[in-house]
Amino acid sequence: MQKVGNWGGGNVWKITSGIFPSNAYVVEAEIPGGCFLIDPGLDALSIDAELIKAGKQPAQVFCTHGHFDHAGGAHFFQKKYGCPVFMHKADKKTLSSSNFLLMILKITQKIIIPEVTYVTDNFSIAVNGVDLKYLPAPGHTPGSCVINFGSAWFTGDTIYSHGVGLSSLPGECPETLKQSILSLWDKLTAEIMVCPGHGSVADGLAIRTQNKSLINFLGIAP
């Protein structure tokens with residue numbers, strides 16, 4: 001578990017694991033268990049082992065989108081800790097297709113679909129007095145969102161610190177992805193900590209000025 005920053009009221013740790021590696025985030029907050037989870041991927045046991053070592057139990061699970069490498073471990077934490085699981089309703093089909101997609105990709109692991117609280121655009125929930133917001137960002141999947149909590153943005157496969165989250169998977173629309181990122185572009189400041197689903201954490205200004213692939217994809221000047 002690697003500490004990657006602070007959202008303004010607690011630490012954020014990153015755990016990268018799984019047969020299809022992705023970033024899960026443990027976000028510290030003054031709530032029962034001491035934290036919540038963002039995007040628990042395929043390797044729930046490794047994530048849980050890190051939580052146990054840190055003496056923390058997740059109170060909630062929030063998913064940026066429904067792909068298996070971001071939501072695959074949600075059922076495990078729901079069953080063990082009673083966590084509610086939140087995801088945008090437009091990704092219900094994406095999540096339900098997870099095992100079919102795993103088979104297509106020749107990954108033998110299967111997941112159990114959790115009971116999900118499906119939310120809508122700009123859904124907000126208070127976590128110990130701090131609003132956690134789902135900012136709609138469709139394109140990578142129909143229901144992809146950027147999760148904003150304090151000064152942290154959890155961007156899933158919408159915004160990376162390096163490169164562009166194009167995968168050619170069902171439900172992806174590059175033009176919609178472009179428009180989603182452009183709608184958020186001016187809010188990417190040096191004060192924003194961007195925590196992507198793959199790769200390294202970076203501040204918003206660094207992404208706007210240094211992610212050349214993304215800048216070219218958007219067709220804008222840095």
Side-chain angles (χ1 to χ4, degrees), residues 1 3-15 22-41 44 47 51 54 56-67 70-78 81-92 94-95 114-160 180-181 183-184 186-189 191-197 201-204 207:
M1 194 156 72
K3 181 180 175 182
V4 293
N6 187 293
W7 59 264
N11 294 316
V12 177
W13 293 276
K14 181 176 75 170
I15 303 170
S22 59
N23 298 334
Y25 293 95
V26 179
V27 185
E28 189 175 49
E30 292 184 9
I31 54 178
C35 71
F36 60 85
L37 285 178
I38 304 280
D39 282 2
I47 297 169
L51 288 169
K56 296 188 179 298
Q57 297 182 8
Q60 297 121 328
V61 172
F62 299 98
C63 298
T64 59
H65 63 292
H67 278 152
H70 297 265
H75 176 268
F76 173 91
F77 294 102
Q78 185 171 71
Y81 297 107
C83 301
V85 176
F86 296 85
M87 184 184 300
H88 194 283
K89 68 175 185 178
D91 260 15
K92 185 174 183 178
T94 303
L95 179 63
E115 294 183 12
V116 178
T117 300
Y118 287 106
V119 306
T120 55
D121 288 359
N122 300 306
F123 167 79
S124 178
I125 184 172
V127 181
N128 192 38
V130 179
D131 286 340
L132 181 147
K133 302 174 185 177
Y134 268 65
L135 308 178
H140 178 71
T141 64
S144 284
C145 290
V146 169
I147 297 175
N148 173 212
F149 187 67
S151 59
W153 278 18
F154 301 92
T155 56
D157 289 341
T158 297
I159 300 174
Y160 294 160
S180 292
I181 297 173
S183 73
L184 299 168
D186 290 343
K187 299 175 183 177
L188 284 170
T189 65
E191 291 72 36
I192 295 296
M193 178 176 67
V194 176
C195 304
V201 171
D203 70 72
I207 291 173

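As the structure is a computational prediction, the values presented were derived from the model and not from experiment.
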Donor-acceptor contact present, side-chain [X] to main-chain [Y], <3.5 Å:
X      : Y      : result
Asn148 : Ala152 : yes
Glu28  : Gly10  : no
Thr155 : Thr158 : no

> Leu51 and Phe77: side chain to side chain contact (heavy atoms under 4.5 Å, CB included), yes or no, with the steps?
Replying inline: CA-CA 11 Å; Leu51 288 169; Phe77 294 102; 3.8 Å; yes
Ignoring hydrogens, what is the shortest heavy-atom contact between [X] and [Y]? Give both atom names and the distance.
X      : Y      : value
Met193 : Val12  : CE-CG2, 3.7 Å
Cys63  : Ala71  : SG-CB, 3.8 Å
Ala74  : Pro114 : CB-CG, 3.8 Å
Asp91  : His65  : OD2-CB, 3.1 Å
Gly156 : Asp39  : CA-OD2, 4.1 Å
Thr64  : Phe154 : CG2-O, 3.5 Å

Working to the nearest 0.5 Å, report the span between [atom1] of [X] and [atom2] of [Y].
X      : Y      : atom1 : atom2 : result
Cys195 : Ile147 : SG    : CD1   : 11.0 Å
Thr117 : Gln60  : OG1   : CD    : 10.0 Å
His75  : Cys83  : NE2   : SG    : 12.0 Å
His70  : His140 : NE2   : NE2   : 5.5 Å
Leu37  : Ile15  : CG    : CD1   : 7.5 Å
Ser22  : His67  : OG    : NE2   : 12.0 Å

>> Assess the residue pair Phe149 and Phe36 against the criterion (ring-ring contact (aromatic ring centres under 6.0 Å, His included)); give the C-alpha distance rounded to whole Å, side-chain angles, the decisive distance to 0.1 Å, and a yes or no.
In response: CA-CA 11 Å; Phe149 187 67; Phe36 60 85; 5.0 Å; yes
With a 4.5 Å limit on heavy-atom distance, are the side chains of [X] and [Y] in contact?
X      : Y      : value
Tyr81  : Val61  : no
Leu184 : Trp153 : yes
Met87  : Leu95  : yes
Ile159 : Pro196 : no
Leu188 : Val194 : yes
Tyr118 : Lys92  : yes
Ser151 : Glu191 : no
Ile125 : Asp131 : no

>> Lys14 and side chain to side chain contact (heavy atoms under 4.5 Å, CB included): which single residue from Val26, Val4, Ile38 fits?
In response: Val4
>> What verdict does the side chain to side chain contact (heavy atoms under 4.5 Å, CB included) test give for Trp7 and Val130, after you've listed the backbone C-alpha separation in whole Å, the side-chain angles of each residue and the deciding distance to 0.1 Å?
In response: CA-CA 11 Å; Trp7 59 264; Val130 179; 3.8 Å; yes
> So Ser144 and Thr141, side chain to side chain donor-acceptor pair (under 3.5 Å) or not? Walk me through it.
Replying inline: CA-CA 5 Å; Ser144 284; Thr141 64; 2.6 Å; yes
>> Using ring-ring contact (aromatic ring centres under 6.0 Å, His included), reason through Phe86 and Phe123 one step at a time and then give a plain yes or no.
In response: CA-CA 10 Å; Phe86 296 85; Phe123 167 79; 5.8 Å; yes
